[in-house]
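Residues: numbered from 1 along the sequence shown. The basis for the numbers below is simple: all heavy atoms, side chains too, and nothing from hydrogens, waters or symmetry mates.
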Amino acid sequence: MAEPFDDLRILQRAQNATITPESSVPSLYEDVAVDLSKDTVIVDRTHWTRLQVTGDDRLGFLHNQTTQDFKTRQPGQSCLAVIVTAVARTIDLTLGVITENSVLLLASPAMGDTLVSWFDRYIFPMDQVSFEDQTTSTATFSILGSTGGDTLKTLGFTDIDAMGAFDHQAITIDGETVRAIAHSGLARPGYTLWTGAANAAPLWKKLTDLGAVPAGENQWETWRIEDGVPGCGQELTDSYNPLEAGLWHAVSINKGCYIGQEVIARLHSRDGVQQCLYGVQLDTPQPPGSKLVNGKGDRAGVITSCQSTNDGAVGLAYIRRKQCEVGARFTVANDQPNTSVGTVTDTPFAVRSNPADTDK
């Protein structure tokens, strides 16, 4: 039986994509150079989870079950929202896209069953809300690069220049709906495109015919780490809360009761965050879970993600607040004594304090 993205995979392989058995999307493109300063770059995110939330109570339900204020959102807007446990441990970071009749949730790969099961436990019999996993019936791509907006205008998005951050609009191309959301999924500018699965291959071909350069999952992972975007199962786990992950821009501190709200409010009011997510420029790659120690041999943090680069490696690490000064040098606990292996770097995606506090 044909899989929903077979035509897309055939097209991508013809463009020199390598699709490993462990991955359902291209990991890399042979002999394809990517330059975000001059190219429009396209990344396949069809493996990410896509849920559609419908029913008259959908905004109120998501308002009560996530860290974000959904009740004040209007069609045409979107927002980042974190799903947390009762003790504010992180389950996943999502992008919520508000349309006239539904909310579309873009979540991390392979999270569909987990999220639907999690939400189901909080739906009461009178709640008018339902969730549908549309991961195999829809598709998402990210558009990055300095010319991405121009490429989308050529595709038919006439109002791209008027869109603010997280705004979205939909057009029809050859009878198929294509929605552009002004958020790339990273800290760098760009867009997320959302369309039907049957339109995935035709839309990919249109964009690459317009000059969009494809990039694989390996490149995306490097950009994610460089930007400091927390990943599910790496930085987003039940060991950490959203404030430690630098997700203040996905948290509404004043919206009232929601799952995990009491813990987050207490962390905020008492300045109780003890560690923060930072970047680490590494001399050599280090496996996630490696412990960082300072010059005195004291434990300072733990590496959660790492990716090799031409200059060594880039990583993300949770570092204790008292020791997370940008530029600080650390060693890995199981490495040779006093062998410097990493420097703390800032990351553009992280917001490490409540934005409303700085506006007072």
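Ring geometry for Trp248 against His268 counts as perpendicular: the plane angle is over 60°, on a 0 to 90° scale with 30° as the lower cut. Using the six-membered ring where Trp is involved, Trp204 and Phe141 have ring planes that are perpendicular, over 60° apart on the 30 and 60° scheme.
With salt bridges taken as basic N to acidic carboxylate O contacts below 4.0 Å, none links Asp7 and Lys205. Using a cut-off of 4.0 Å between Lys/Arg side-chain N and Asp/Glu carboxylate O, Arg321 and Asp271 are scored as salt-bridged. In this structure, Asp209 does not pair ionically with Lys206, as no charged nitrogen and carboxylate oxygen lie closer than 4.0 Å.
Distance alone, capped at 3.5 Å, places no donor-acceptor pair between the His168 side chain and the Ala180 backbone. Remark: the backbone N or O of Ser239 is paired with a side-chain donor or acceptor of Arg89 at under 3.5 angstrom. Here the side chain of Thr195 pairs a donor or acceptor atom with the backbone of Thr177 at under 3.5 angstrom. Remark: side-chain polar atoms of Asn294 are not paired, donor with acceptor, to backbone N or O of Ala300 under 3.5 angstrom. Not a single donor-acceptor pair under 3.5 Å links the side chain of Lys255 to the backbone N or O of Ile253. Put simply, the side chain of Gln219 never gets that close to the backbone of Gly216: no donor and acceptor are under 3.5 Å apart. Not a single donor-acceptor pair under 3.5 Å links the side chain of Thr94 to the backbone N or O of Ala107. Distance alone, capped at 3.5 Å, places no donor-acceptor pair between the Thr331 side chain and the Val341 backbone. The backbone N or O of Arg320 lies less than 3.5 Å from no partner atom in the side chain of Gln323, so there is not a single donor-acceptor pair. Judged by distance alone, with hydrogens and angles left aside, the side-chain atoms of Asp127 form a donor-acceptor pair with the main-chain N or O of Phe124 at under 3.5 Å.
Residues Trp118 and Tyr258 do not share a hydrophobic cluster, clusters being chains of Ile/Leu/Val/Met/Phe/Trp/Tyr side chains in contact below 4.5 Å. In the hydrophobic clustering of this structure, Val351 groups with Ile264; members are Ile, Leu, Val, Met, Phe, Trp, Tyr whose side-chain heavy atoms approach within less than 4.5 Å, directly or through other members. Val229 and Leu236 fall within a single hydrophobic cluster, where Ile, Leu, Val, Met, Phe, Trp and Tyr side chains are chained together by heavy-atom contacts under 4.5 Å. Following chains of ILVMFWY side-chain contacts shorter than 4.5 Å, one can reach Leu207 starting from Leu36, so the two form part of one hydrophobic cluster. Tracing side-chain contacts under 4.5 Å through hydrophobic residues (I, L, V, M, F, W, Y), one reaches Val116 starting from Tyr122; they form part of the same cluster.
When all heavy atoms are compared, the tightest approach of Thr67 to Ala250 is OG1-O, 2.5 Å. Listed here is the closest heavy atom pair of Asp39 and Ala33: OD2-O, 4.2 Å. Shortest non-hydrogen contact noted between Ala17 and Tyr29 is CB-CE2, 3.4 Å. Here the closest heavy-atom approach between residue Pro242 and residue Val251 is recorded as CB-CG2, 4.2 Å. Lys71 and His63 make their closest contact through N-ND1, 3.3 Å (heavy atoms, listed as atom of the first residue, atom of the second, distance). Smallest separation of non-hydrogen atoms from Arg73 and Ser78: NH1-O, 4.1 Å.
At a threshold of 4.5 Å between non-hydrogen side-chain atoms, the residues Glu217 and His47 count as touching. No side-chain heavy atom of Leu104 sits less than 4.5 Å from a side-chain heavy atom of Thr138. Annotation: side chain of Leu247 is not in contact with side chain of Leu80 (no heavy-atom distance under 4.5 Å). Between Thr99 and Arg179, the closest side-chain pair of non-hydrogen atoms falls below 4.5 Å. With contacts defined as side-chain heavy-atom distances shorter than 4.5 Å, the pair Asp161/Lys153 qualifies. Side-chain contact between Arg352 and Asp346 is present, with at least one heavy-atom pair separated by less than 4.5 Å. Between Ile42 and Thr151 there is no side-chain heavy-atom pair separated by less than 4.5 Å. At a threshold of 4.5 Å between non-hydrogen side-chain atoms, the residues Phe70 and Ile98 count as touching.
For the atom pair CD (Gln169) and OH (Tyr191), the distance works out to 9.0 Å, reported to the nearest 0.5 Å. Leu292 CG to Asp298 CG: the interatomic distance, rounded to the nearest 0.5 Å, is 13.0 Å. Here CD1 of Ile83 is found 6.5 Å from CG of Leu105. Values are rounded to the nearest 0.5 Å. Atom CG in Asp6 sits 6.0 Å away from atom CD1 in Ile10 (nearest 0.5 Å). Atoms CD1 and CG, on Ile160 and Leu152 in that order, are 5.0 Å from each other to the nearest 0.5 Å. Put simply, NE2 on His183 and CE on Met163 are 12.0 Å apart, with the number rounded to the nearest 0.5 Å.
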**Report entry** Trace of the side chain to side chain contact (heavy atoms under 4.5 Å, CB included) decision for Glu132 with Thr54
**Finding:** CA-CA 8 Å; Glu132 179 185 357; Thr54 55; over 6 Å; no
Report task. For the pair Thr18 and Ser27, evaluate side chain to side chain donor-acceptor pair (under 3.5 Å) and give the outcome as yes or no after the intermediate values. Result -> CA-CA 6 Å; Thr18 297; Ser27 56; 5.3 Å; no
Requested in this report: Starting from the C-alpha separation in whole Å, work towards a yes-or-no answer on side chain to side chain contact (heavy atoms under 4.5 Å, CB included) for Phe119 and Val53.
Outcome: CA-CA 11 Å; Phe119 287 132; Val53 190; over 6 Å; no
Query raised in the report: Can Glu235 and Ser305 be said to form a side chain to side chain donor-acceptor pair (under 3.5 Å), step by step?
Result: CA-CA 8 Å; Glu235 293 75 36; Ser305 291; 2.5 Å; yes
Report task. Please report the C-alpha distance between Gln307 and Glu221 in whole Å, then the side-chain angles of each, then the deciding distance to 0.1 Å, and finally whether the side chain to side chain donor-acceptor pair (under 3.5 Å) criterion is met. Result -> CA-CA 7 Å; Gln307 190 84 339; Glu221 181 69 359; over 6 Å; no
Query raised in the report: Yes or no on side chain to side chain contact (heavy atoms under 4.5 Å, CB included) for Arg50 and Trp194, after CA distance, side-chain angles and deciding distance?
Result: CA-CA 10 Å; Arg50 288 172 292 279; Trp194 194 306; 3.6 Å; yes
Query - Val25/Thr46 under side chain to side chain contact (heavy atoms under 4.5 Å, CB included): CA gap, chis, key distance, verdict - result: CA-CA 7 Å; Val25 294; Thr46 52; 3.6 Å; yes
Report task. Tell me, with the steps shown, if Ser184 and Ser142 meet side chain to side chain donor-acceptor pair (under 3.5 Å). Result -> CA-CA 6 Å; Ser184 68; Ser142 277; over 6 Å; no
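For the side-chain contact (heavy atoms from CB on, under 4.5 Å) with Phe166, the qualifying choice from Val97, Ile181, Leu95 is Leu95, the only one to do so.
Taking the six-membered ring for Trp, Phe131 and Phe61 have ring centres closer than 6.0 Å.
Enclosure of atom CD in Glu262 is not indicated, since only 12 or fewer non-hydrogen atoms of other residues, nucleotides or ligands lie within 6.0 angstrom.
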